[in-house]
Amino acid sequence: MLDRVVTGWTSWDEPPVETAPPGSRYAADLAAARERSGCDEAVLTGEGLLREHRVACVVSEFGFLAGSIGIATADRIVAAVERATAEGIPLLAAPSSGGTRMQEGTAAFAQMARITAAVTAHRAAGLPYLVYLRHPTTGGVFASWGSLGHVTAAEPGALIGFLGPRVYEGLYGKPFPQDVQTAENLAAKGVVDAVVPIDDLADVAACALDVLAARPSVAVPPAPDPAPVPAAPAWEAIERSRRPDRPGARDLLRHGATAVTPLSGTGQGEADPGLLLALARFGSAPCVVVAQDRRSQRTGHPLGPAGLRVARRGMNLAADLGLPLVTVVDTPGAVLSAEAEEGGLAGEIARCLADLLTLPAPTLALLLGEGTGGAALALLPADRVLAARHAWLAPLPPEGASVIVHRTPDRAAELAEAQGVGAADLLRDGIVDDLVDERPDAADEPVAFCLRAAAAVERALTGLAAAPRLRAARYDRAGRR
């Protein structure tokens with residue numbers, strides 16, 4: 001695998017300490033494994049170049065006792081992780097393992113905590129940790145260092161699961177349900193981020209490292225000549241923001257960003273098509289992007305509690321690596337259902353707000369279009385807030401607010417104007433800091449608008465990198481009246 005992913009490979013491996021009693025069956029098993037696999041243990045470690053990135057690697061050799069982890073194997077893994085941490089370089093792990101080594105019993109099983117501790121220290125140092133799950137990855141390996149990646153990809157068709165299907169059938173007398181423990185199913189469920197063929201791994205991992213291993217530039221690009229942004233009546237802006245052809249978050253990333261690496265779900269078994277999570281660069285500025293996909297929300301995938309938990313994963317990722325966080329607000333409102341209530345929708349909105357207000361990384365919010373209710377507010381508090389000319393923010397859809405105040409939806413336009421929901425009002429009231437012009441409407445110039453918005457994001461991010469980060473600004477904005 002290594003020669004297909006990295007170049008200039010340098011091994012870090014030392015001869016393993018013998019753990020089997022001489023003459024024992026286990027010693028014979030180890031000798032046979034060495035002969036069969038051509039390796040002296042179940043992992044190889046070292047460093048190489050992943051495109052232009054220097055990376056450390058921990059790669060399982062499944063041909064050596066099914067890639068199982070014994071004490072000597074754990075020693076090698078921990079030594080490599082600790083060296084990568086000490087040298088300040090990213091780590092790529094590529095497990096393929098049946099779990100811990102049965103011949104060494106509980107002593108080997110306990111090594112999973114030791115490996116996890118080393119990986120956790122690597123992450124705590126602000127260093128990227130990428131995982132590529134290969135066929136098969138099960139047991140304690142998947143339940144420890146195989147599930148801690150900042151970004152996790154999997155080999156197509158790989159068997160991935162906590163309990164191996166053969167063990168399950170032996171214990172319970174029936175086969176494990178088909179197509180559950182597959183890379184493709186786990187990607188769809190938000191357990192892993194992507195299914196990536198081995199020949200594409202170098203490109204995908206290097207793209208992620210272009211963001212994860214980057215540091216923001218502090219050279220603020222010059223602002224363009226200011227263009228007049230005349231205020232539009234609030235109701236006109238609302239109608240424009242609801243145009244089905246209005247560019248959304250996906251268009252912004254497609255036209256305005258580079259090094260885009262989409263991530264899937266929470267990493268814990270939940271996904272929500274209404275919320276996009278990605279790594280990206282806007283010009284020279286790397287960031288984590290948490291974006292509401294209005295188009296998906298309006299075509300059958302309204303934003304629910306799972307989407308907000310995906311957003312919080314993005315916040316944690318930004319905090320772990322000291323990367324700026326960009327939130328894109330564009331939502332007709334959160335889903336209203338019994339399942340959402342039981343799934344803790346209100347609590348997730350509150351936790352998003354709390355996480356954003358206290359995040360130890362620079363934050364930027366872009367109000368791109370619709371900004372309805374708690375779902376919009378959940379991603380709004382930031383060090384700097386931008387808004388598109390026809391974006392708006394309101395506690396309810398204006399029709400709903402009109403029903404509350406006037407007992408009819410017919411006075412929505414009047415109420416929207418009175419509530420000050422439009423972008424120009426938000427700028428006046430200090431809720432947003434700057435406007436991104438539409439000439440005259442983002443839907444009429446989608447690419448140009450996305451490029452303009454991306455340039456505004458880059459300027460804001462580099463400005464934040466150059467200035468001290470003060471959470472007080474977020475508190476002040478939130479408490480302004």
Side-chain angles (χ1 to χ4, degrees), residues 1 13 16-17 19-20 26 29-30 33 37 39-45 56-82 84-85 91-124 129-155 158-172 176-177 180-183 185-187 189 191-193 266-269:
M1 170 195 159
D13 293 338
V17 175
T19 54
Y26 181 32
D29 289 343
L30 289 173
S37 68
C39 299
D40 63 357
E41 248 304 339
V43 294
L44 304 173
T45 71
C57 299
V58 174
V59 180
S60 294
E61 172 50 64
F62 192 78
F64 192 105
L65 297 182
S68 58
I69 307 300
I71 293 172
T73 331
D75 287 342
R76 180 170 288 181
I77 294 171
V78 169
V81 176
E82 290 179 342
T85 305
L91 177 63
L92 170 64
S96 175
S97 173
T100 57
R101 195 165 295 172
M102 295 298 104
Q103 296 92 328
E104 296 185 26
T106 301
F109 174 61
Q111 299 303 307
M112 297 304 100
R114 184 168 160 240
I115 297 170
T116 298
V119 170
T120 301
H122 183 83
R123 289 175 51 117
Y129 179 51
L130 308 182
V131 175
Y132 183 61
L133 301 171
R134 295 151 58 217
H135 177 74
T137 301
T138 61
V141 170
F142 184 45
S144 58
W145 54 287
S147 291
L148 294 175
H150 290 114
V151 179
T152 302
E155 182 182 9
L159 168 67
I160 301 167
F162 177 57
L163 186 63
R166 186 175 67 177
V167 176
Y168 180 92
E169 186 166 2
L171 289 174
Y172 299 105
F176 197 84
V180 172
Q181 295 175 313
T182 65
N185 182 57
L186 296 184
K189 300 298 184 183
V191 176
V192 302
D193 291 310
T266 61
Q268 300 173 11

Listed by chain and number, what are the side-chain contact (heavy atoms from CB on, under 4.5 Å) partners of T152, not counting sequence neighbours? V131, L133, V192, D193

What residue pairs, at least two apart or across chains, pass side chain to side chain donor-acceptor pair (under 3.5 Å) with a residue in residues 92-102? Y26-R101, E41-R101, S68-R101, T73-R101

L44 to C39 - nearest heavy-atom pair and separation: CD2-SG, 4.2 Å

side-chain hydrogen bond (donor to acceptor under 3.5 Å, both in side chains) involving T45 - partner list, sequence neighbours excluded: D13

Taking side chain as C-beta onward, heavy atoms only, is I69 less than 4.5 Å from I115? yes

Distance, nearest 0.5 Å, that separates CG of L171 from CZ of R166: 11.5 Å

Considering non-hydrogen atoms only, spot the tightest contact between A94 and M1 and give its length. CB-CE, 3.4 Å

All pairs passing side chain to side chain donor-acceptor pair (under 3.5 Å) where residues 129-151 contributes a residue, at least two apart: none

Provide the closest heavy-atom pair for V119 versus V81 in the form atom of the first, atom of the second, distance. N-CG1, 3.8 Å

Heavy-atom closest contact (P95 atom, S60 atom, distance): CA-OG, 3.2 Å

What's the separation between atom CD1 in I77 and atom CD in Q111, rounded to the nearest 0.5 Å? 9.5 Å

On a heavy-atom basis, which atom in Q181 and which in L163 lie closest, and how many Å separate them? NE2-O, 2.8 Å

Who are the side-chain contact (heavy atoms from CB on, under 4.5 Å) partners of A33, not counting sequence neighbours? R36, F64, L65

Nearest atoms (heavy-atom pairs only) where V43 meets R76: O-NH1, 3.1 Å

Contacts of type side-chain hydrogen bond (donor to acceptor under 3.5 Å, both in side chains), residue Y168, not counting sequence neighbours: none

Quick one: salt bridge (charged side-chain N to carboxylate O under 4.0 Å, His left out) partners of D29, sequence neighbours excluded? none

Holding to side-chain hydrogen bond (donor to acceptor under 3.5 Å, both in side chains), I want the full list of residues that pass it with T19, two or more places apart in sequence or in another chain. E104

Would you list the pairs meeting salt bridge (Lys or Arg N to Asp or Glu O under 4.0 Å) in which at least one residue belongs to residues 57-75, sequence neighbours left out? D75-R114

